[in-house]
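Scroll down for the structure; my scribbles are underneath it.
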Amino acid sequence: MSPRASTAGKLLVATPMFGDRNFKRTVVLMLAHRNNGAAGVVLNRPSGLGARGALSQWAQHLMPPSTMFIGGPVSKKSVIALAKVHQHSDESWWRAVIGQVGTIDLKADAAEVIDATEGVRLFAGYAGWAPGQLEKEIKAGAWFVVDANPEDPLTRNPNDLWHIVVSRQRSPLSWYANYPNHPSHN
């Protein structure tokens with residue numbers, strides 16, 4: 001990937017050697033990548049906590065596993081929601097990211113949104129990069145940039161997503177799926 005190419009709609013997969021503990025074995029769905037920076041949500045960090053407070057109206061509509069996800073280390077009190085629409089939508093409350101999966105406006109009427117979707121997934125915080133920062137990390141080998149499958153963002157098996165995504169890549173990238181969690185266990 002060229003350093004200037006947009007990663008929006010792609011997956012960033014943390015390489016096993018990436019030293020940032022916030023991103024160890026993470027899979028990030030990139031929501032935006034522009035000149036002023038980039039943002040995405042970590043897809044494989046379920047928190048075990050339900051939707052609370054102002055978000056409780058969405059709790060009964062969460063896709064399994066029915067929990068809040070840790071979207072990233074930035075702005076942990078903000079919430080981003082993803083949903084898969086039944087058919088491609090031009091609703092004002094939905095913005096496509098990949099195929100029929102996109103972000104939704106949590107200020108929208110939950111009943112209207114739920115009727116048009118297969119459910120929602122909530123992410124506390126997001127992963128964000130300043131201008132040029134992500135490009136430098138990619139060039140340094142911190143991330144694999146791969147195509148997303150439409151089922152990746154809302155997988156029912158988020159804990160296995162890193163391994164699933166890496167395994168389906170062409171070699172030599174797929175070889176990393178066998179990389180031990182701790183190199184000393186090799």
**Request:** For Lys84, check salt bridge (Lys or Arg N to Asp or Glu O under 4.0 Å) against everything at least two apart and list the hits.
**Result:** none
**Test side-chain contact (heavy atoms from CB on, under 4.5 Å) applied to Ser167 - qualifying residues, sequence neighbours left out** = His163, Ala177
**Fill in**
Looking only at heavy atoms, the pair that brings Ala83 and Ile104 closest together is CB-CG2, 3.8 Å
**Asked** Quick one: are Arg121 and Pro65 in side-chain contact, heavy atoms under 4.5 Å?
**Response** yes
**Thr7 side chain vs Met30 backbone, donor-acceptor pair below 3.5 Å** = no
**Request:** List in chain and number order the residues that pass side chain to side chain donor-acceptor pair (under 3.5 Å) with Ser174, two or more places apart in sequence or in another chain; answer none if no residue qualifies.
**Result:** none
**Asked** What are the two closest heavy atoms between Thr67 and Gly48, and how far apart are they?
**Response** OG1-N, 2.8 Å
**Closest heavy-atom pair and its distance - Ala81, Leu106** = CB-CD2, 3.6 Å
**Asked** What are the two closest heavy atoms between Thr26 and Asn22, and how far apart are they?
**Response** CG2-O, 3.9 Å
**Asked** Residues two or more places apart in sequence or in another chain: which of them pass side-chain contact (heavy atoms from CB on, under 4.5 Å) with Ile70?
**Response** Arg45, Ser47
**Prompt:** Met17, Trp162: one ILVMFWY side-chain cluster at the under-4.5 Å cut-off?
**Reply:** yes
**Prompt:** Looking at CD1 of Ile138 and NZ of Lys136, how far apart are the two atoms once the value is rounded to the nearest 0.5 Å?
**Reply:** 13.0 Å
**Request:** For residues Met68 and Leu55, determine if any side-chain heavy atom of one lies less than 4.5 Å from a side-chain heavy atom of the other.
**Result:** yes
**Request:** Quick one: pull up CD1 in Ile98 and CG in Asn149 and give me the separation to the nearest 0.5 Å.
**Result:** 7.0 Å
**Asked** Are Leu31 and Val74 joined in one hydrophobic group, where the rule is that I, L, V, M, F, W and Y side chains link up if heavy atoms are under 4.5 Å apart?
**Response** yes
**Message:** Going by ring pair (Phe, Tyr, Trp, His ring centres under 6.0 Å), name the residues that satisfy it together with Tyr126, two or more places apart in sequence or in a different chain.
**Reply:** none
**Request:** Could you label the plane-to-plane angle of the Phe144 and Tyr176 rings as parallel, tilted or perpendicular, counting under 30° as parallel and over 60° as perpendicular?
**Result:** tilted
**Asked** Taking the side chain from Ser6 and the backbone from Ala8, do they hold a donor-acceptor pair closer than 3.5 Å?
**Response** yes
**Prompt:** Can you name the side-chain contact (heavy atoms from CB on, under 4.5 Å) partners of Ala110, sequence neighbours left out?
**Reply:** Gln57, Trp58
**Request:** Side-chain contact test, heavy atoms from C-beta onward, threshold under 4.5 Å: evaluate it for Val28 versus Leu43 and give yes or no.
**Result:** no
**Prompt:** How long is the span from the CD1 atom in Ile80 to the OG atom in Ser75, to the nearest 0.5 Å?
**Reply:** 8.0 Å
**Asked** Are Val146 and Gln169 close enough that some pair of their side-chain heavy atoms sits under 4.5 Å apart?
**Response** yes
**Request:** Kindly state each residue pair satisfying side-chain hydrogen bond (donor to acceptor under 3.5 Å, both in side chains) with at least one member in residues 103-120, sequence neighbours excluded.
**Result:** Trp93-Glu112
**Asked** Hey, does Phe69 have a side-chain heavy atom less than 4.5 Å from the side chain of Val42?
**Response** no
**Complete:** For Arg34 and Ala32 the tightest heavy-atom approach is NH1-CB, 3.5 Å
**Fill in**
Gln133 meets the side chain to side chain donor-acceptor pair (under 3.5 Å) criterion, sequence neighbours left out, with Glu137
**Message:** Please check: side-chain N/O of Asn44 versus main-chain N/O of Arg25, any donor-acceptor pairing under 3.5 Å?
**Reply:** yes
**Request:** Please examine the side chains of Leu29 and Leu82, heavy atoms only from C-beta on, and report whether any two atoms are closer than 4.5 Å.
**Result:** yes
**Request:** Check side chain to side chain donor-acceptor pair (under 3.5 Å) between Arg95 and all other residues, then give those that pass, not counting sequence neighbours.
**Result:** none
**Asked** Do Leu134 and His33 have side-chain heavy atoms sitting under 4.5 Å apart?
**Response** yes
**Message:** Restricting to side chain to side chain donor-acceptor pair (under 3.5 Å), what partner residues turn up for Ser66, sequence neighbours left out?
**Reply:** none
**Request:** For the pair Phe23 and Trp129, name the ring-plane relationship: parallel under 30°, tilted 30 to 60°, perpendicular over 60°.
**Result:** parallel
**Prompt:** Can you tell me how far CD of Glu151 sits from CZ of Arg156, rounded to the nearest 0.5 angstrom?
**Reply:** 12.5 Å
**Prompt:** Run the side chain to side chain contact (heavy atoms under 4.5 Å, CB included) check on Phe18 and Val13 step by step: do they pass?
**Reply:** CA-CA 10 Å; Phe18 192 17; Val13 180; over 6 Å; no
**Request:** Determine the minimum heavy-atom distance between Pro158 and Pro46, stating which atoms define it.
**Result:** CG-CG, 4.0 Å
**Request:** Would you list the pairs meeting salt bridge (Lys or Arg N to Asp or Glu O under 4.0 Å) in which at least one residue belongs to residues 166-179, sequence neighbours left out?
**Result:** Asp152-Arg168
**Message:** Under the rule for side-chain contact (heavy atoms from CB on, under 4.5 Å), what residues qualify as partners of Asp160, not counting sequence neighbours?
**Reply:** Asn157, Ile164
**Message:** Contact between Val101 and Leu154 at the side-chain level, heavy atoms closer than 4.5 Å - yes or no?
**Reply:** yes
